[in-house]
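Single-structure report; data block below.
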Protein chains: 2
Amino acid sequence: MRILIVEDEPGIYNFLKQGLEEESYAVDIAEEGKKGLHLALSGDYDLLLLDWMVPGMSGIEICRQFRKEFKDTPVIFLTAKDTVDETIFGLQAGANDYIKKPFHFEELLERIKVQLRPKSGEHSIFKLGNITLNTTTHQVLKAEEVISLTQKEFALLEYLMRNKGIVCRRSRIIESVWDIHFEYNTGVIDVYINALRKKLKLGEDENYIQTVRGVGYVAKEI
Amino acid sequence: MRILIVEDEPGIYNFLKQGLEEESYAVDIAEEGKKGLHLALSGDYDLLLLDWMVPGMSGIEICRQFRKEFKDTPVIFLTAKDTVDETIFGLQAGANDYIKKPFHFEELLERIKVQLRPKSGEHSIFKLGNITLNTTTHQVLKAEEVISLTQKEFALLEYLMRNKGIVCRRSRIIESVWDIHFEYNTGVIDVYINALRKKLKLGEDENYIQTVRGVGYVAKEI
DNA sequence: TTTGTACCATGAGAATTTTAATTGTAGAAG
DNA sequence: CTTCTACAATTAAAATTCTCATGGTACAAA
C-alpha cells in the first residue's frame, strides 16, 4: 500500500515516514503543495495524508482537485485547528477523515487502516442534495452548516442515504437500524424521521426524505 | 429439514403440516405425548414443535427428556398460556423459543428459520450458575425468577456469558456491545456491570461477574 | 363532492442510556 | 503497617431513545 504525505515540517513527516514504513507501507513525501498535487494525480497512491497548511497550495485545494479525478481514494487531513469552520471545508472538499495535531501515532494508524480496509465498494461519504454525511467522522453537513445528530438519528440517515433513490420499507429499516427482527409494530421510525426533517430543516422545497405511504421512506434529490 | 409436531388438535396440526410442507419441510405428527417423545428420540428431526398440553405427557416433560440426549436440536413451544409462571419452566426445560396461540403462520415460520439458520455452533441458550439467558426470546432467569433487563443490560450480560471464563477487556466489550471503535475512555461499562449485579442480586457468595482490576470483567461460576 | 378509514406527523412524557462527579478500595511504595 | 494512588463502585443528573396519545391528511368508496 502506497501513501503520499503532503507536509512541510520535517519533524512531522520523518516521524510519520518511519512509523508507516515499519508498518510496511510505501511512503512518499511532498513538502510543497503543487508538487503534492502533481504526485497525487499520478494515481500511484492508495491514500493521501494532507497537512492543512502547506506552502504553495492549501491541503483543501489539493483535496478538491484530487477528488475530481479520484473518487474512491481516501484522504485524511492532519490539522492543528479543530474549529468547526475549518474542518467543514475539509469534509466538503471530500476528505474521508481528519486527525488533530498533536496526535498519537497509534490513532493515526488505526484511522489509516479503517480507510484502507474496505477498499472495494464501501464508501465513507454520502451526498444527498446539499447534505453530506461522513461515516468515519460521524459528521453531517447541510451546505456549510454542521448538523448535530444523535447516534440513532445518524444511523437512520446513513441507512436512507446508502439506499438513495430506493424506497426503504419500515421492516427493513427496523432490522438494519434498530436490529429488531419480527415485530415491527412500533412507531419509532416515524418519530426519528420527524426529528431528522426538523434538524435538517427540510421544507417543501427540499423534501429530500419523502414518505411512501403504506411502505416507508425514500431519500431522493427531489 | 425434518420437523416433528407434537400436538393433539387436528385443526392446528393439519394447518401447520400443510404450511410447512409448502415451505418444503418434511413434517411428522404425534398426537400423543409418549409417542411424541419416542419419535423425537429417534433423532430423525432437526426441530421440535411442542404443544404445551398433550395427552399422555406434557410438552415440558418431553422437552426435558429430549434435551438429555439432544443438546443442540432446537425446540419451540406452542402455548396458549402466556403467564410468566408457565413459560419459565419451558425455558428451564431447555426450549429455545415459544410462540403464543393464536399466532400468525408467518411469525412461526420466521422463528423456525431463525432456529435452523445457525445450525453449527451458535447456541441460543447460555448458562452461568443458576442464571439462564436465552438470546432468541431475550429472557433471563435466575433460578425460577424472571429478571427483567433492558436492551443494553441484556447485551452486556450476553457478551459476558458467551465468553464465560474468559476475561473480557473493556476495549473489547465497548467494541462488541456498544459498537464504539477507538476511544474507550467512558465509564458506561462500570455503570452497567453495577446494574446487572444489582438486578441479578449477586452477593458475595454468588459473585458470577468478577472484576479483573486494570483489565475488565469475567463471568465465572466461582 | 363528501365521508370514512387507514396511515402518518407531531408533541409530550416515560424509560433507558450516558455522562460526570463523588466515594470507596485494592495493591504498590515507602 | 501506613500512606498513596490508580482504579472501580456508586449515585445523581443530563441526554437520548422510545412509547403513546392526539390530530392531521391522503386515498378510496359512496
Side-chain angles (χ1 to χ4, degrees), chain A residues 138-140 147-160 167-204 206-220, chain B residues 138-140 147-160 167-204 206-220:
Chain A
H138 256 249
Q139 275 182 318
V140 173
I147 306 290
S148 154
L149 299 182
T150 68
Q151 287 282 330
K152 275 281 144 73
E153 288 164 355
F154 187 91
L156 175 57
L157 182 59
E158 179 181 342
Y159 183 80
L160 293 173
V167 176
C168 304
R169 26 179 78 265
R170 280 150 196 286
S171 56
R172 293 252 179 282
I173 297 175
I174 274 285
E175 287 192 356
S176 299
V177 178
W178 274 267
D179 202 34
I180 295 173
H181 309 279
F182 11 89
E183 292 187 33
Y184 16 90
N185 49 355
T186 160
V188 235
I189 300 175
D190 308 47
V191 174
Y192 275 79
I193 289 285
N194 194 236
L196 279 179
R197 285 174 175 160
K198 239 182 211 163
K199 285 202 179 177
L200 294 169
K201 303 184 203 75
L202 302 181
E204 281 291 299
E206 288 184 325
N207 189 13
Y208 294 142
I209 300 178
Q210 292 173 31
T211 307
V212 182
R213 215 179 155 76
V215 185
Y217 299 90
V218 214
K220 251 198 199 171
Chain B
H138 257 249
Q139 276 182 317
V140 173
I147 307 289
S148 153
L149 299 182
T150 68
Q151 287 284 328
K152 277 278 142 77
E153 287 164 355
F154 186 91
L156 175 56
L157 182 60
E158 178 182 341
Y159 183 80
L160 293 172
V167 176
C168 304
R169 25 178 78 266
R170 280 150 196 286
S171 56
R172 293 253 177 280
I173 297 175
I174 275 286
E175 287 193 355
S176 298
V177 179
W178 275 266
D179 202 34
I180 295 172
H181 309 280
F182 11 90
E183 292 186 33
Y184 18 90
N185 48 355
T186 162
V188 236
I189 300 175
D190 307 46
V191 174
Y192 274 81
I193 290 285
N194 193 235
L196 280 180
R197 285 175 175 159
K198 239 182 214 163
K199 285 203 180 177
L200 294 168
K201 304 186 204 71
L202 303 181
E204 282 290 302
E206 287 185 324
N207 190 13
Y208 295 142
I209 300 177
Q210 291 174 30
T211 308
V212 184
R213 218 181 153 74
V215 185
Y217 299 90
V218 215
K220 250 198 201 171

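Proteins get letters first, then strands, A, B, ... in listed order; numbering begins at 1 in each.
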With V188(B) via side chain to side chain contact (heavy atoms under 4.5 Å, CB included) - residues at least two apart: I174(B), W178(B), T186(B), Y192(B)
Output all residues satisfying ring-ring contact (aromatic ring centres under 6.0 Å, His included) with Y217(A), sequence neighbours left out; order by chain, then residue number. none
Output all residues satisfying side chain to side chain donor-acceptor pair (under 3.5 Å) with E153(A), sequence neighbours left out; order by chain, then residue number. T150(A), K199(A)
Identify the 5'-most and 3'-most nucleotides of DNA chain C with at least one atom closer than 4.0 Å to a non-hydrogen atom of chain A. dA6(C) to dG11(C)
Applying side chain to side chain donor-acceptor pair (under 3.5 Å), can you list everything that pairs with N194(A), at least two apart in sequence or on another chain? none
Please check the phosphate of dT19(D) (OP1 and OP2 only) for any side-chain N or O of T186(A) closer than 4.0 Å. yes
Between the protein and nucleotides 6-13 of chain D, list the N/O to N/O atom pairs that are separated by less than 3.5 angstrom.
| from | atom 1 | to | atom 2 | distance (Å) |
| --- | --- | --- | --- | --- |
| dA6(D) | N3 | R213(B) | NH2 | 3.4 |
| dA8(D) | OP1 | R170(B) | NH2 | 3.4 |
| dA8(D) | OP1 | G214(B) | N | 2.8 |
| dA8(D) | OP2 | R170(B) | NH2 | 3.2 |
| dA9(D) | OP1 | R197(B) | NH1 | 2.8 |
| dA9(D) | OP1 | T211(B) | OG1 | 2.7 |
| dA9(D) | OP2 | Y217(B) | OH | 2.6 |
| dT10(D) | OP2 | N194(B) | ND2 | 2.2 |
| dT11(D) | OP2 | K198(B) | NZ | 3.0 |

Pairs of donor and acceptor atoms involving the side chains of residues 207-214 of chain A, under 3.5 Å and at least two apart or interchain, shall be tabulated with distances.
| from | atom 1 | to | atom 2 | distance (Å) |
| --- | --- | --- | --- | --- |
| Q210(A) | NE2 | N207(A) | O | 3.4 |
| T211(A) | OG1 | R197(A) | NH2 | 2.8 |

Round to a whole Å and report the spacing from CD of Q151(B) to P of dT17(D). 13 Å
Length of the CG-P vector between L149(A) and dT16(D), whole Å: 11 Å
May I have the step-by-step check of side chain to side chain contact (heavy atoms under 4.5 Å, CB included) for L196(A) and L202(A), ending in yes or no? CA-CA 8 Å; L196(A) 279 179; L202(A) 302 181; over 6 Å; no
Suppose we screen for salt bridge (Lys or Arg N to Asp or Glu O under 4.0 Å). Which residues come up paired with K201(A), at least two apart in sequence or across chains? E145(A)
Below 4.0 Å: OP1/OP2 of dC18(D) and any side-chain N or O of K152(A): yes
Where D190(A) and R170(A) come nearest, the two heavy atoms and their spacing: OD1-NH1, 2.8 Å
Do the side-chain N or O atoms of W178(A) get closer than 4.0 angstrom to the phosphate oxygens (OP1, OP2) of dC18(D)? yes
